[in-house]
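Proteins come first, then strands; the chains are lettered A, B, ... in the order of their sequence lines, and each starts at number 1. In this text the structure is predicted, and so the values were computed from the model without any measurement.
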Protein chains: 2
Amino acid sequence: MRSWLLDYDPDQCNIAAALSIVGEKWTFLVLREAFNGVRRFDDMQRRTGAPRQVLSNRLARLVDEGLLHKVPYREPGQRPRSEYRLTEKGIDLFPVIVALMTWGDKYASEASGPPVVLTHRDCGAHVELELTCADGHVLNSARDVTPKPGPGARRVA
Amino acid sequence: MRSWLLDYDPDQCNIAAALSIVGEKWTFLVLREAFNGVRRFDDMQRRTGAPRQVLSNRLARLVDEGLLHKVPYREPGQRPRSEYRLTEKGIDLFPVIVALMTWGDKYASEASGPPVVLTHRDCGAHVELELTCADGHVLNSARDVTPKPGPGARRVA
DNA sequence: AAGGCTAAGTCTACTTGACAGACTTAGCAA
DNA sequence: TTGCTAAGTCTGTCAAGTAGACTTAGCCTT
């Protein structure tokens, strides 16, 4: 099979665009902790294990790109500091994190089972990602998906 | 909010484990092309833009980790070569790719719209990722999800 | 059999990024 | 005024990524 996609320009792919923002080594771990409710530099540093400078750069980058925003806070008897909170743009990356975690649980998990499970806040039931189509079908595999050129597709010269 | 997760060991996180396999710079682009049906070294190289040696290393790594497998083929009048095909383990990463693409389409897309759309092979309708819970609710946001310690959770010393 | 072509790499020199560990700064506290 | 802590920055070192030239194996033509 030689895909029709070979005729289209891979440079415009939004996966590459997304990766240019979140594809750096520590970024996902920072986001993971952000979703876990970690907001402070030091907690981040301890939990991700990222070198402080790298963490500093990544946080700044994520703030720059609008995935996190800085909120000043002040503990009693302390100077004012900043904490980092997810914006909508950041929160919208949640499915990526969930997908990675699901895959990791399936293929890289220790025998004892996953260390973290996601539950529905309202009913407590397990949360999962599903591939569905607009007609309401649930797809079981990537094999049920056909990629097609979208409105922004551009042929290669 | 200081999350209970601070008491648990981040090192065992399966996101990190997943990233240690697929978190390198070019890996997702290689997988993207694999899902697009690209199987041959040269097509991969042209479409991802990865330097040949890097591509060579990534493909070898992905084969090593069992996400791709090599299948020999032979074009008429050519010597035998290998093509790279996704295994089940590789195919199971599809949700990650879809999630990245969806996010990229929303936040990094050019005005003209997404270059690629995913459709259900059987009915042709748009394919999307949904967060659902085991009770059948569809969740609209990461805010509706509560992470909890799973069976494999381990407290930090 | 000599020369040429192509796929799939390897090799080399250069550049960028990651890293540990020391240093800096601002505010509070004794 | 000295010390302490959070949240960084600075510095020198070392690993990884990169472009582009080079290599190897098989096949084809003459």
In this structure, how many angstroms lie between the [atom2] atom of [N] and the [atom1] atom of [X], rounded?
X: Arg46(B); N: dG9(C); atom1: CZ; atom2: P; value: 16 Å
X: Arg61(A); N: dA18(C); atom1: CZ; atom2: P; value: 11 Å
X: Gln45(A); N: dA18(C); atom1: CD; atom2: P; value: 15 Å

Task: Counterpart residues, ring pair (Phe, Tyr, Trp, His ring centres under 6.0 Å), relative to Trp103(B) (two or more places apart) - done: Tyr107(B)
Open item on the list: Going by the rule ring pair (Phe, Tyr, Trp, His ring centres under 6.0 Å), which residues pair with Phe41(B) if we only count those two or more places apart in sequence or in a different chain?
Closed with: none
Open item on the list: Taking side chain to side chain contact (heavy atoms under 4.5 Å, CB included) as the definition, give me every residue that meets it alongside Pro151(A), ordered by chain and number, with sequence neighbours left out.
Closed with: Pro114(B), Val117(B)
- [ ] Sorted by first residue and then second, give each salt bridge (Lys or Arg N to Asp or Glu O under 4.0 Å) pair with at least one member in residues 16-30 of chain A; sequence neighbours left out.
- [x]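 Every salt bridge (Lys or Arg N to Asp or Glu O under 4.0 Å) pair that includes a residue of residues 16-30 of chain A, provided the two are not neighbours, is Glu24(A)-Arg58(A), Glu24(A)-Arg61(A).
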Listing time: all N or O pairs from protein to nucleotides 15-20 of chain D that are below 3.5 Å?
| residue | atom | partner | partner atom | Å |
| --- | --- | --- | --- | --- |
| dG17(D) | OP1 | Arg58(B) | NH2 | 3.1 |
| dT18(D) | OP1 | Lys25(B) | NZ | 2.6 |
| dT18(D) | OP1 | Trp26(B) | NE1 | 3.4 |
| dT18(D) | OP2 | Trp26(B) | NE1 | 2.4 |

Nucleotide N/O to protein N/O under 3.5 Å, stretch nucleotides 4-7 of chain C:
| residue | atom | partner | partner atom | Å |
| --- | --- | --- | --- | --- |
| dA7(C) | O4' | Arg81(B) | NH1 | 2.7 |
| dA7(C) | O4' | Arg81(B) | NH2 | 3.1 |
| dA7(C) | O3' | Arg81(B) | NE | 3.4 |
| dA7(C) | O3' | Arg81(B) | NH1 | 3.2 |
| dA7(C) | N3 | Arg79(B) | NH2 | 3.2 |

- [ ] With sequence neighbours excluded, tell me which residues meet side-chain hydrogen bond (donor to acceptor under 3.5 Å, both in side chains) with Arg81(B).
- [x]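 Partners of Arg81(B) by the side-chain hydrogen bond (donor to acceptor under 3.5 Å, both in side chains) criterion, ordered by chain and then number, come out as Gln78(B).
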- [ ] Tell me, please, which residues at least two apart from Tyr84(A) pass side-chain hydrogen bond (donor to acceptor under 3.5 Å, both in side chains).
- [x] none
Task: Side chain proximity check, Glu128(B) to Glu130(A), heavy atoms < 4.5 angstrom - done: no
Open item on the list: Quick check on dT9(D): is either OP1 or OP2 less than 4.0 Å from any side-chain nitrogen or oxygen of Ser56(A)?
Closed with: yes
Open item on the list: Does dG8(D) have OP1 or OP2 under 4.0 Å away from a side-chain N or O of Tyr84(A)?
Closed with: yes
Show me the side-chain donor-acceptor pairs of residues 133-142 of chain B shorter than 3.5 Å, one per line, residues at least two apart or across chains.
| residue | atom | partner | partner atom | Å |
| --- | --- | --- | --- | --- |
| His137(B) | ND1 | His120(A) | ND1 | 3.4 |
| Ser141(B) | OG | Arg143(B) | N | 2.9 |

